[in-house]
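Working notes, structure below.
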There are 2 protein chains.
Amino acid sequence: MDLYIERGFDQTTVAQIAQRAGLTERTFFRYFADKREVLFWGSATLQELLVETLEGLPPSLAPIDAVAGALDVIAHGFEERRVFALRRQSVIASNPELQERELIKLESLTVATAQALRSRGASDLVATLSAHAGIAVFKVAFEQWVKDDGQITLAQFITASFTELKSVSAGGS
Amino acid sequence: MDLYIERGFDQTTVAQIAQRAGLTERTFFRYFADKREVLFWGSATLQELLVETLEGLPPSLAPIDAVAGALDVIAHGFEERRVFALRRQSVIASNPELQERELIKLESLTVATAQALRSRGASDLVATLSAHAGIAVFKVAFEQWVKDDGQITLAQFITASFTELKSVSAGGS
DNA sequence: CATTGCGATGTCATTCGCTGCCATCACTCT
DNA sequence: AGAGTGATGGCAGCGAATGACATCGCAATG
């Protein structure tokens with residue numbers, strides 16, 4: 001990530017990364033499927049954590065509230081890594097290919113969340129829409145939290161966004 | 001797209017595409033930024049259309065209802081292209097890189113929608129969340145419509161999804 | 001202690017996506 | 001006829017990614 005920040009993502013070659021890490025190009029590709037994947041290490045772990053948390057919540061909760069609860073729990077694990085997240089986001093924000101990768105990771109998170117909601121008894125459509133809404137809230141809250149000066153917690157941003165979502169989608173008509 | 005269906009996306013080389021199209025590789029890359037972009041021709045047009053439609057709707061509509069209305073209008077332009085969309089979706093579904101590209105196109109649609117909503121006077125957060133929810137609904141409805149046997153219109157799927165969204169996000173608590 | 005097996009790493013060659021540079025061609029306008 | 005212009009072709013080159021094979025370190029086993 002140092003290199004990505006120093007020279008920019010596509011001005012950085014895998015050879016350079018390998019050299020700084022003290023290994024060969026070939027070995028790099030044994031650990032990461034491609035050049036972008038480095039920045040998304042741990043996203044699988046996050047997904048598992050989210051699903052497990054979701055499974056641990058009382059079944060009485062409505063799908064959207066279960067998602068809100070699970071995200072809130074997860075948020076606490078992020079609080080101490082805000083500066084790191086900020087650096088990471090700055091790299092991703094400056095490269096479309098990295099944004100694509102981030103989006104598909106979020107999509108994967110959405111799909112897994114929807115699956116977990118179905119396991120809790122939600123219908124297909126409700127599960128999908130709740131998952132989408134929930135992950136969208138997380139994305140928005142995460143971006144706000146990263147940009148903020150560190151006074152407000154991620155959990156607080158998430159709560160605020162969920163509150164807003166409910167009033168928004170109540171809509172007119 | 002014929003080639004992508006025949007041999008699969010990554011088994012197809014740009015050289016092959018160029019040959020079948022009767023031009024050179026170099027020329028291909030003058031029309032499309034990369035190999036994936038071929039399948040997303042017209043997405044910019046769709047985005048413009050969505051924004052313009054949104055601008056043409058009465059300002060009295062709540063953000064989420066404006067999005068619903070605009071998507072409904074746009075949906076009618078798709079009805080006659082369902083089989084094409086089906087072939088296209090089958091290619092995209094079988095390749096992660098294409099899914100990434102599709103996601104970022106949808107994200108672009110979301111951002112543009114949010115911007116249009118802000119122009120209508122919505123707050124930042126409301127605009128963003130409404131756009132996310134609306135485009136998510138569109139995505140879900142589109143997938144259902146493509147898989148369906150053609151009896152139900154895209155507009156109908158969209159309406160149904162929006163109705164569901166409202167009841168979902170009303171949530172418990 | 002020697003040997004055997006195995007996982008991690010290195011080396012090499014190759015394919016392919018993609019870009020820059022320059023030449024060429026067709027066409028239009030003056 | 002000649003100049004300008006936009007589209008295309010040809011070519012060289014870089015870098016990402018993959019497959020095949022060699023090697024090394026290390027632990028288990030006898």
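Each chain gets a letter, A, B and so on, in the order the sequences are listed, and its residues count up from 1. These numbers come from a predicted model, not from an experiment. Only heavy atoms go into these numbers, but all of them, side chains included; no hydrogens, no water, no symmetry mates.
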(request) Would you please indicate yes or no on a ring centroid separation below 6.0 angstrom for A:Phe142 and A:Phe78? (result) yes

(message) What's the closest nucleotide to the side chain of B:Asp34 if the choices are C:dG17, D:dA16, C:dC18?
(response) C:dC18

(request) Quickly work out the B:Phe32 CZ to C:dC18 C1' distance and round it to whole Å. (result) 15 Å

(request) Decide yes or no for A:Lys35 and A:Phe29: does some side-chain heavy atom of the first lie under 4.5 Å from some side-chain heavy atom of the second? (result) no

(request) Send over the distance from B:Phe29 CZ to C:dG17 P, rounded to a whole Å. (result) 7 Å

(message) Need one value for A:Tyr31: base, sugar-phosphate or nothing, where a base atom within 4.0 Å counts as base even if backbone is also close, heavy atoms only.
(response) sugar-phosphate

(request) Rounded off to whole Å, could you give me the CD-to-C1' distance for the A:Gln19 and D:dG15 pair? (result) 16 Å

(request) Specify the residue among B:Leu23 and B:Glu97 whose closest nucleotide of DNA chain D lies further upstream toward the 5′ end. (result) B:Leu23

(request) Report yes or no: is the cationic atom of B:Arg36 (NZ for Lys, CZ for Arg) under 6.0 Å from the centre of the six-membered ring of B:Phe9, at an angle within 45° of the ring normal? (result) no

(message) Under 4.0 Å, heavy atoms only, any strand: does B:Ala15 hit a base, just the sugar-phosphate, or nothing?
(response) nothing

(message) Please report the distance, rounded to the nearest Å, between NZ in B:Lys35 and P in C:dC18.
(response) 8 Å

(request) Round to a whole Å and report the spacing from CD of A:Glu25 to P of D:dA16. (result) 7 Å

(request) When you get a sec, tell me which of C:dA8, D:dG9, D:dA16 is the closest nucleotide to the side chain of B:Thr27? (result) D:dG9

(request) Consider the side chain of A:Arg30, meaning its heavy atoms from C-beta on, and name the nucleotide among C:dT11, C:dT19, D:dG9 that approaches it most closely. (result) C:dT11

(request) Let me know the distance between CD1 of A:Ile17 and P of D:dA17, rounded to the nearest Å. (result) 10 Å

(request) Please tell me which of the listed nucleotides, D:dG9, D:dA16, D:dA20, lies nearest to the side chain of A:Val14? (result) D:dA16

(request) Whole angstrom is fine here: how far is it from CD in A:Gln16 over to C1' in D:dA16? (result) 13 Å

(request) Look only at the side chain of B:Arg82 and the backbone of B:Asp148, and say whether a donor-acceptor pair between them is shorter than 3.5 Å. (result) yes

(request) With B:Arg88 as the cation and B:Tyr4 as the aromatic partner, state whether NZ or CZ is under 6.0 Å from the six-membered ring centre and within 45° of the axis. (result) no

(request) Using whole Å, report how far CZ of A:Arg26 lies from P of C:dA13. (result) 15 Å

(message) So, under a plain 3.5 Å distance rule, would you say the side chain of B:Arg36 forms a donor-acceptor pair with the base of C:dG17?
(response) no

